Engineer: 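My questions all concern the structure below.
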Amino acid sequence: MKKHNFSAGPCILPQEVFKEASQAVLDFNDSGLSILEISHRSKDFVDVMEEARSLALELLGLEGKGYKVLFLQGGASTQFLMTAYNLLQTKAGYINTGSWSDKAVKEAKIFGEVIEVASSKDANYNYIPKGYKIPEGLDYLHCTSNNTIFGTQIKDFPTTNAPLICDMSSDIFSRQLDFSKFSLIYAGAQKNMGPAGTTLVVIKEDILGKIERQIPSMLDYGVHISKGSMFNTPPVFPVYTSMLTLRWLKKLGGIAAIEEENDKKAKLIYSEIELNPLFKGFAKKEDRSTMNATFSLINEDLKETFDAMWKEAGINGVNGHRSVGGYRASMYNAMSIESVAALVDVMSDLERKA
Ligand SMILES: *Cc1c(COP(=O)(O)O)cnc(C)c1O
């Protein structure tokens, strides 16, 4: 039986995408060939890449606004250094809202001065800093829209003259935003778009070419743009599967439609966390993520019982990250509200029993 999969990443994808992707492994487009054995230069695959790139722009509402879409390798972790390599000449600002931002800061320091404009490290990242001052003269300002581990999410993005860069790995395509506020968005595919192995980069072309250092070709956004995201062999299967997920999302009605579902799911779990006296939430209420809900048992003695109950209910992947403890329910786009209801049922069953 299919489990209710709350895993934080890699994670759930639409069931129909799994089916279609597996079919393409056996026979892609009735070609008598697998998607895994055709040339990445063949028309069939070039069409996949082009459709994936244009769907991403369309869903984000960024068509005709000077943006390019790339599907790169090396995960979001490579973007931590690639952004700085390509864009950091003297100093950049970072908003440190979690372990992933912290890692981005560490990489950027290799290339220039890094100003930590704001941080919530003092409270183990359980909130999003607000009311901070952004210095002038930054090469860019970097932020993380959703903090996967801690369950916080930026609701109001900073306003600055500097190009705004955002790691949207765990909430891309989940909510409506004015994406044109950002000069560069990146996201590892494996949280809300596809399998691990590719990273989406959406970049406003006019921010490039402003630094003096030489950039190795594989790490140069300009090179990847000039080659249509096919400078070298792209990760064909992750790109294909991501394209299928983007098609699925478009068919559903795009980001507006999925946002409505995501809000319902988040409301359901957070109201249980609030009302059930056995549980407490981790993230500050106004900063709570619609993608990853972090919570814990008030009485740890109930852990064994609770763990056995959710396993029995066919639930998977709700253990919290080691740096937070407790539980984390990740509710990405493909998760149905029925799965969230199954978890909520177990939580309220526990209350009845305890
Ligand atoms: C998972 C995650 C990453 C790391 O992604 P990789 O593709 O594994 O390098 C970076 N940032 C955020 C916000 C994440 O959730």
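Numbers here are sequence positions counted from 1. Remember, predicted model here, so these are calculated numbers, not experimental data. Both ligands and their constituent atoms are indexed starting at 1 by order of listing. These values consider heavy atoms only, across backbone and side chains, with no hydrogens, waters or symmetry-generated copies.
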Engineer: What's the shortest distance from atom 5 (O) of ligand 1 to any protein heavy atom, and which residue and atom give it?
Structural biologist: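 Atom 5 (O) of ligand 1 sits closest to the protein heavy atom A76 CB, 3.5 Å.
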
Engineer: Regarding ligand 1, does T148 bring an N or O atom to under 3.5 Å of one of the ligand's N or O atoms?
Structural biologist: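 Between T148 and ligand 1, an N or O pair is found under 3.5 Å apart.
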
Engineer: Check whether the ring centres of Y240 and F28 lie less than 6.0 Å apart, and answer yes or no.
Structural biologist: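 Yes, the ring of Y240 comes within the 6.0 Å limit of the ring of F28, centre to centre.
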
Engineer: Which ligand 1 atoms are under 4.0 Å away from a heavy-atom of G75?
Structural biologist: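 Heavy-atom distances to G75 below 4.0 Å select 7 (O), 9 (O).
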
Engineer: With a 4.0 Å cut-off on heavy atoms, is T199 touching ligand 1?
Structural biologist: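 Flag not set, T199 not near ligand 1.
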
Engineer: Tell me if the aromatic rings of F279 and F306 count as close, with their centers under 6.0 Å from one another.
Structural biologist: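 Distance test on ring centres: under 6.0 Å, yes.
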
Engineer: Thinking salt bridges, do K19 and E16 make one under a 4.0 Å N-O criterion?
Structural biologist: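 Salt bridge flag = no for E16 with K19.
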
Engineer: Salt bridge or not for D287 and K130, using N-O below 4.0 Å?
Structural biologist: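 So D287 pairs with K130 through a salt bridge.
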
Engineer: To which protein heavy atom is atom 9 (O) of ligand 1 closest, and what is the distance rounded to 0.1 Å?
Structural biologist: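 Of every protein heavy atom, S77 OG, 2.6 Å lies nearest to atom 9 (O) of ligand 1.
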
Engineer: Does Q190 have a non-hydrogen atom less than 4.0 Å from ligand 1?
Structural biologist: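 Yes, that is the case, since the closest heavy atom of the residue is under 4.0 Å from the ligand.
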
Engineer: Kindly say whether the aromatic ring centers of Y94 and H142 come within a distance under 6.0 Å.
Structural biologist: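 Ring centres of H142 and Y94 closer than 6.0 Å.
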
Engineer: Taking 4.0 angstrom as the limit and counting only heavy atoms of N146, give me the atoms of ligand 1 inside it, by number and element.
Structural biologist: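 Reading through ligand 1 atom by atom, the close ones are 13 (C).
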
Engineer: State plainly whether the residues K43 and D47 are in salt-bridge range, i.e. N to O under 4.0 Å.
Structural biologist: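 The answer is yes: the pair qualifies as a salt bridge.
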
Engineer: Please confirm whether the backbone N or O of L72 pairs with a side-chain atom of T198, one donor and one acceptor, at under 3.5 Å?
Structural biologist: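 Yes; judged by distance alone, with no hydrogens or angles, the pair exists.
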
Engineer: Closer than 4.0 Å to some heavy atom of F80 - which atoms of ligand 1 meet that?
Structural biologist: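 Those atoms are 10 (C).
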
Engineer: What is the closest protein heavy atom to atom 11 (N) of ligand 1, and at what distance does it sit?
Structural biologist: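 Of every protein heavy atom, D167 OD2, 2.6 Å lies nearest to atom 11 (N) of ligand 1.
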
Engineer: What protein heavy atom lies closest to atom 14 (C) of ligand 1? Include the residue and the distance to one decimal.
Structural biologist: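 Atom 14 (C) of ligand 1 sits closest to the protein heavy atom K191 NZ, 2.9 Å.
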
